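Keep in mind it's a predicted model, so treat the numbers as computed, not measured. Along the sequence shown, the residues carry numbers beginning at 1.
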Amino acid sequence: MNHTRQTAVEKLLLHYQEPYLCTSYDSASSPLAATAFMHLISERKFLSLANAGMVESDDFVYIYSLPELTEPLFEQYYHEALDNGIARVDPNPNHQFSLISVLFLCDTITPDAALKLKKTKYYQKFKKPASGTIDLRLAAVEVGGKKHAANAFGKSLLNIYKKANKSMENIT
């Protein structure tokens with residue numbers, strides 16, 4: 001992994017501290033650079049502030065570092081992250097939502113990959129007795145460049161990247 005992308009990964013992991021469980025990977029066999037997983041349990045209240053039970057939500061963040069994001073590589077790695085994230089979801093009666101967030105940090109993004117990423121979506125709603133939803137957030141950023149792409153839910157990932165790496169570049 002080149003130094004600029006490595007620095008971007010490190011800054012993102014600083015952003016994803018508590019309540020996320022962060023793990024870095026340094027493997028020549030996979031471009032998965034880091035993960036940040038969060039499982040949040042909070043109280044559900046009515047307007048009268050009466051406690052109505054517990055609510056669970058998850059965010060499973062996968063950060064990939066690639067020299068070039070092509071359409072076949074995008075397909076391979078987003079499916080890998082999606083399958084792993086879906087396997088982690090526990091759709092119990094308290095489950096409200098789970099986000100599977102996939103961020104690609106690249107030197108270049110091919111136009112085909114950017115177009116495919118923008119059009120890709122995934123949504124799943126669980127039926128009783130399980131409950132909640134799963135949504136997929138996708139984004140790719142050319143580190144050190146101005147090009148980026150995101151699906152509808154992934155635009156928030158671009159904001160997170162911008163905030164975490166504001167000293168490195170501006171995403172407009």
Asks: So do Ile160 and His15 actually touch side chain to side chain, heavy atoms under 4.5 Å?
Replies: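 With C-beta onward as the side chain, the pair touches.
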Asks: List the residues meeting side-chain hydrogen bond (donor to acceptor under 3.5 Å, both in side chains) with Tyr64, not counting sequence neighbours, and say none if there are none.
Replies: Glu80
Asks: Mind checking salt bridge (charged side-chain N to carboxylate O under 4.0 Å, His left out) for Asp58 and listing every partner two or more places apart, or none if nothing turns up?
Replies: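 Expected list: none.
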Asks: Where do Leu158 and Ala140 come nearest, in terms of heavy atoms and distance?
Replies: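 Closest approach of Leu158 to Ala140, heavy atoms only: CD2-O, 4.2 Å.
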Asks: Dump the intermediate steps for side-chain contact (heavy atoms from CB on, under 4.5 Å) on Leu12 and Ile63, then the final yes or no.
Replies: CA-CA 9 Å; Leu12 279 165; Ile63 303 169; 4.1 Å; yes
Asks: What do you reckon, is CZ of Phe126 surrounded by more than 12 foreign heavy atoms closer than 6.0 Å?
Replies: yes
Asks: In a table with atom names and distances, give each donor-acceptor pair under 3.5 Å that connects a side chain of residues 30-37 to protein atoms at least two apart or in another chain.
Replies:
from	atom 1	to	atom 2	distance (Å)
Ser30	OG	Leu32	N	3.2
Thr35	OG1	Tyr25	OH	3.4

Asks: Would Tyr77 end up clustered with Tyr122 when hydrophobic side chains under 4.5 Å apart are linked, directly or stepwise?
Replies: yes
Asks: Report all side-chain donor-acceptor pairs from residues 99-119 shorter than 3.5 Å, counting only partners two or more places apart or in another chain.
Replies:
from	atom 1	to	atom 2	distance (Å)
Ser101	OG	Asp59	OD1	3.0
Ser101	OG	Arg137	NE	2.8
Ser101	OG	Arg137	NH2	2.8
Asp107	OD1	Asn2	ND2	2.9
Asp107	OD1	Arg5	NE	3.1
Asp107	OD2	Asn2	ND2	3.4
Asp107	OD2	Arg5	NH2	3.3
Thr110	OG1	Leu69	O	3.2
Thr110	OG1	Ala113	N	3.3
Lys116	NZ	Glu75	OE2	3.2

Asks: Test your reading of the model: is there a side-chain donor-acceptor pair from Ser131 to the backbone of Pro93, 3.5 Å cut-off?
Replies: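 Here the side-chain-to-backbone pair exists.
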Asks: Quick one: pull up NE2 in His39 and OG in Ser57 and give me the separation to the nearest 0.5 Å.
Replies: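 Between His39 NE2 and Ser57 OG, I get 8.0 Å after rounding to 0.5 Å.
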Asks: Do Thr120 and Tyr78 pass the side-chain contact (heavy atoms from CB on, under 4.5 Å) test, and can you show the C-alpha distance, the side-chain angles, and the key distance before you say yes or no?
Replies: CA-CA 10 Å; Thr120 301; Tyr78 114 78; 3.4 Å; yes
Asks: Quick check on the hydrophobic clustering: are Ile86 and Leu138 connected, directly or via other members, by side-chain heavy-atom contacts under 4.5 Å?
Replies: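 Yes, Ile86 connects to Leu138 through the hydrophobic network.
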Asks: Do you know the tightest heavy-atom contact between His95 and Val89?
Replies: NE2-CG1, 3.9 Å
Asks: Roughly how far apart are His148 NE2 and Glu142 CD, rounded to 0.5 Å?
Replies: 10.5 Å
Asks: Once you measure the plane-to-plane angle for Tyr20 and Tyr16, does it fall in the parallel (<30°), tilted (30-60°) or perpendicular (>60°) bin?
Replies: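 Ring orientation of Tyr20 relative to Tyr16: perpendicular.
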Asks: Looking at Thr7 and Asn165, what are the two nearest heavy atoms and their distance?
Replies: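 The answer is O-OD1, 4.3 Å.
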Asks: Going by the rule salt bridge (charged side-chain N to carboxylate O under 4.0 Å, His left out), which residues pair with Asp135 if we only count those two or more places apart in sequence or in a different chain?
Replies: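 Expected list: none.
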Asks: Output the distance between atom CD (Gln6) and atom OG (Ser24), rounded to the nearest 0.5 Å.
Replies: 7.0 Å
Asks: Looking at every heavy atom in both Phe153 and Leu136, which two are closest together, and how far apart are they?
Replies: CB-O, 3.6 Å
Asks: How would you list, by chain and number, every residue that makes a side-chain hydrogen bond (donor to acceptor under 3.5 Å, both in side chains) with Tyr62, sequence neighbours excluded?
Replies: Asn84
Asks: Identify the two heavy atoms, one from Lys155 and one from Ala150, that lie closest to each other, and give their separation to 0.1 Å.
Replies: N-CB, 3.8 Å
